[in-house]
Amino acid sequence: MRWRVLVDPPATGSRNMAVDHALAACSSPGEAVLRIYQWGRPTVSFGRNEPARDHYGRERQGGWGGHGTVHDGGFDFVRRPTGGRAVLHDRELTYSVVLPLNRGGVTGRGGSLRATYGLINQGLIEALRLLGVPAALAEQQGPPAALDSGPCFERPAPGEVIARGRKLVGSAQARIGRAILQHGSLLLGPGQERLREIESNFASRSTGGHPEGPGGDGRVQVLVAPQTGPISLSEVLGREPSWSHVVEAVISGLKQVTGGEWQRDDLTELERVKSVALEERYASPEWTWRR
Amino acid sequence: MSELPDGLRYTEEHEYVAATDESGVYQVGITDYAQGELGDVVYVELPAVGESFERRATFGTIEAVKAVSDLYSPVAGEIVAVNESLGDDPSIVNSDPYGAGWMIRLRVSDVSEVDGLMDVAAYRALVGQ
């Protein structure tokens, strides 16, 4: 398998989702892609089918239509092509991996949706080992989480990457045509708890209640229990590692697990054109607030 | 090992097509192999009765805990029924994919398209079972 590596500068949520989608839509047999990127502004992404209106939405002038991504308290909002629940993208490294599906829905390595998930997460564990972070794969904890059961990082799904028992990387997949897209967030610093603040603030405005905790001191009550919520690299290491250090570790970790020929690359012309066309969808409020 | 019944037709996208009591109407869902790959299904989005789809057109989406996949119409046809109960309990797709976990019933435009789909032996070979 030939691996292309794209390391992109920070971009909008709609641009980032459009590029990931375009890479999957243009996938070629025998060729995989690892893309690493950041976000130009703090952005909340929703899962493809997550009921976001009820948790994060608000009635805007002209209903749910209007302009592009919606701003609220400095956040942008976008809806991913992949599954799962809300993530706040801010102090993180975001990766996406595209693997072609052969006839029958298996990848060139003989894997499948589930095998690919395991393979990539093993690569991330290797990357974390290179950074000095002991990490593991989460086991099943109780029944599967419903789509409206709160932010993604509150609880690891089986097979996700955890450190000290808490979720360090949140990932999601989609089958797009004849390819698998998996993307996810490796937390570099804290901040996921702000998602609950957005949710609480919206619930407060919707119901006329107050988002403050019992003390009524104006501070938002954080509902994430520390021992079960997210954890970041800075918390584990006691410092936030440099961006370039983490990028190189992620590339090396995945390379060690998958093998193949690896080389740095850019979008092809076909991918660029496709991504521009898809960006319109990912920037539209109709898509972002479809549920 | 997945349950792959004889007598059904299968697609490369892991849908199955089963004859019903009504001539020209076929029941469609995803295979046991597909539900096993996806894992715990948490959401299924299906079309409205009366909509028509071309072969391989997307008629809905299915989401498991982490993975989303489009659902593809195995053959061209018109939707005559959808399984509304999946809205309340999508996990039926996991527990009974060929029975209570069915998704749509299609009035097929050209029955010969059904005959052109894979039989169980071909599908077994496809998924390596």
Side-chain angles (χ1 to χ4, degrees), chain A residues 21 24-25 46-51 79-85 101-107 110-118 120-121 138 140-149 152 155-160 169-184 290-291, chain B residues 1-2 4 10-16 30-47 56-74 86-95 117-129:
Chain A
H21 191 150
F46 306 127
R48 159 100 177 244
N49 297 310
E50 184 177 8
R79 186 177 290 273
R80 304 187 299 266
T82 52
R85 293 171 288 138
L101 286 165
N102 293 336
R103 191 171 176 270
V106 296
T107 65
S112 56
L113 274 177
R114 186 162 285 207
T116 301
Y117 194 66
I120 295 169
N121 287 346
Q140 179 87 44
Q141 297 175 338
L147 284 178
D148 60 353
S149 58
C152 168
R155 178 179 153 189
E160 284 197 307
V169 185
S171 301
Q173 286 186 325
R175 184 180 74 166
I176 295 176
R178 293 295 170 89
I180 293 174
L181 165 66
Q182 178 171 326
H183 55 195
R290 64 185 283 266
R291 291 196 74 210
Chain B
M1 191 72 86
S2 309
L4 300 172
Y10 298 90
T11 71
E12 292 181 14
E13 286 80 23
H14 308 287
E15 279 94 21
Y16 70 83
I30 65 166
T31 66
D32 189 37
Y33 172 84
Q35 69 78 21
E37 274 295 304
L38 282 167
D40 296 318
V41 174
V42 294
Y43 179 76
V44 180
E45 190 170 81
L46 296 174
R56 290 198 170 141
T58 301
F59 73 78
T61 68
I62 184 166
E63 178 161 348
V65 171
K66 283 293 164 185
V68 163
S69 179
D70 286 333
L71 296 164
Y72 300 97
S73 186
L86 298 184
D88 297 325
D89 185 7
S91 70
I92 307 169
V93 174
N94 295 117
S95 58
L117 299 174
M118 283 181 283
D119 62 13
V120 70
Y123 186 69
R124 277 189 193 285
L126 183 77
V127 299
Q129 292 188 1

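Each chain gets a letter, A, B and so on, in the order its sequence line appears, and its residues count up from 1.
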Could you grab the distance from atom CD of B/E13 to atom CZ of A/R178, nearest 0.5 Å is fine?
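With rounding to 0.5 Å, CD (B/E13) is 5.0 Å from CZ (A/R178).
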One should read off an interatomic distance between B/Y43 OH and A/N49 CG, to the nearest 0.5 angstrom, of 5.0 Å
Under 4.5 Å from any heavy atom of chain B, what part of A/R291 do you find: side chain, backbone, both or neither?
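Only the side chain of A/R291 comes within 4.5 Å of chain B.
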Relative to chain B, which segment of A/E160 carries a heavy atom at a distance below 4.5 Å: side chain, backbone, both, or neither?
side chain
Ion pair check, A/R290 and B/E45, cut-off under 4.0 Å:
yes
Nearest heavy-atom neighbours spanning B/V65 and A/A157:
CG1-CB, 3.9 Å
Write down the atom of B/D70, the atom of A/R175, and the distance for their closest heavy-atom approach.
O-NH2, 3.4 Å
Please tabulate, for side-chain N and O atoms in residues 121-129 of chain B, each donor-acceptor pair with protein atoms closer than 3.5 Å (sequence neighbours left out).
from   : atom 1 : to    : atom 2 : distance (Å)
B/Y123 : OH     : B/H14 : ND1    : 2.7
B/Y123 : OH     : B/T31 : OG1    : 2.8
B/R124 : NH2    : B/L4  : O      : 3.3
B/Q129 : OE1    : B/S2  : N      : 3.2
B/Q129 : NE2    : B/S2  : OG     : 3.3

